[in-house]
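Here is the structure we will look at.
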Amino acid sequence: MTISVFDLFSIGIGPSSSHTVGPMRAARTFVGGLLADGDLPRVTRIKAELFGSLGATGLGHGSDKAVLLGLEGESPEEVDTSTAESRVAGIRSSGRLRLAGLREVAWDADDLVMHRRTSLPYHPNGMTFRAYDDPGETVRERTYYSVGGGFVVDEDAAGKDRIVPDTTPVRYPFTTGAQLLAWTQETGLSVSAVMAANEQSWRTDEQIRDGLLSIWRVMQECVTRGCATGGTLPGGLKVPRRAAGLHAQLHAADDKDDPMRGIDWVNLYALAVNEENASGGRVVTAPTNGAAGIIPAVLHYLVRWTPHGSDDAVVRFLLTAGAIGLLYKENASISGAEVGCQGEVGSACSMAAGALCEVTGGTPEQVENAAEIAMEHNLGLTCDPVGGLVQIPCIERNAIAASRRSSPPGWRCTATAGTWSAWTRSSRPCARRART
Ligand code: SF4
């Protein structure tokens, strides 16, 4: 399977990439197949079953709402987050659902079953969709798995809704850190340049740059909204949103000489994104929704708190982060349901550390070290969201992981001649700093 940076960074909807974005994509894919094969006019009923982690914690993650919107043809990238709740309420109160936005069928609460104690064999996040005609015969049945980061795969579906793994050949293929470093040594290219060359298999340089900068714009808008929105997060925990209050405090603070000031802002950026995510807002899956705050927070730090911030640096940052994320996706997992929070927050933390290292002057070897150190300190982190909501501990976990990847202002990297925070285990004080 070939993975693009745009697979790892996609514009989506909160609160969960595997439990919200994935189910919406799967439901949309299912009705897309009905439409493409000309079966949609025959359909009079749809039933969906969610299994395993989706069945157990799907209500807290909005999986049920995501399925309804996906069946109506909505995508995570384009669904209007401001009207999503009211649309779902309308479907439930009217008992009518518009499949692919075209064919209206009856909908009943019993048509969506959440299996709390039953899992499908391939992955904890399984879904089965069935469409029926008027006599009640099955028109189509498909099973999909949401495998983390919004990625959806099918079991063995045949037909036009089949999800075929991308096997596009790339210029510098790599699936391990050793292969990636070997390419940088052979070509003299940076990690981001290797990734950029591979991206050219799908897009022009201009499209790559524009696409990544629009990802960055969505991240910035998310931080801005998060910093301006107070109140309480949805769900039964009544968790207060804190980013807006912290934002006001930091603006008012007279602490320009405080060397830890930048870290407070990094915390703020991450809190803002993850509170937006927890409330079902528009976020960038980076590489998951549960960990969506870390990379935007470190990018904001890069742009606002270091002398290295520029559009070029943002593009290189995201490409480097993508190269590192690809390694986790290929060799381990970025799914919290599958490998715990080390797969979400750990991967994001590692991607951010390596990317910040490259754009602040690190060599490919230092990038690899930074990414490895960051992951090391997340190994063993379990997925343990209170009440199944992506709120506690997820939001603060992002803030802490983002802070650990941003060197406090005033720290200068002695390993790379005056650049900031190019962490390496082979030189001091970088190793100690990276571990605090
Ligand atoms: S604990 Fe970690 S892996 Fe689990 S939902 Fe929260 S962010 Fe995701």
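Model, not experiment: these values are computed from the prediction. Read the numbers this way: they start at 1 and go in the same order the structure lists the ligands and their atoms.
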Yes or no on side-chain contact (heavy atoms from CB on, under 4.5 Å) for Ser75 and Arg25, after CA distance, side-chain angles and deciding distance? CA-CA 6 Å; Ser75 68; Arg25 284 193 178 135; over 6 Å; no
For ligand 1, list the protein residues that place a heavy atom within a distance below 4.0 Å of one of its atoms, sorted by chain and number. Gly290, Gly336, Cys341, Glu344, Cys383, Asp384, Pro385, Cys394, Arg397
Less than 4.0 angstrom from a charged side-chain N to a carboxylate O is my criterion; do Arg241 and Glu276 meet it? yes
Quick one: is the NZ or CZ of Lys47 closer than 6.0 Å to the six-membered ring centre of Phe129, and within 45° of its axis? no
Closest heavy-atom pair, Leu389 versus Gly60, reported as atoms and distance to 0.1 Å, is CD2-O, 3.2 Å
Donor-acceptor contact below 3.5 Å, side chain Asn274 vs main chain Ile395: no
May I ask you to check whether Thr320 and Glu358 show a side-chain donor-acceptor distance below 3.5 Å? yes
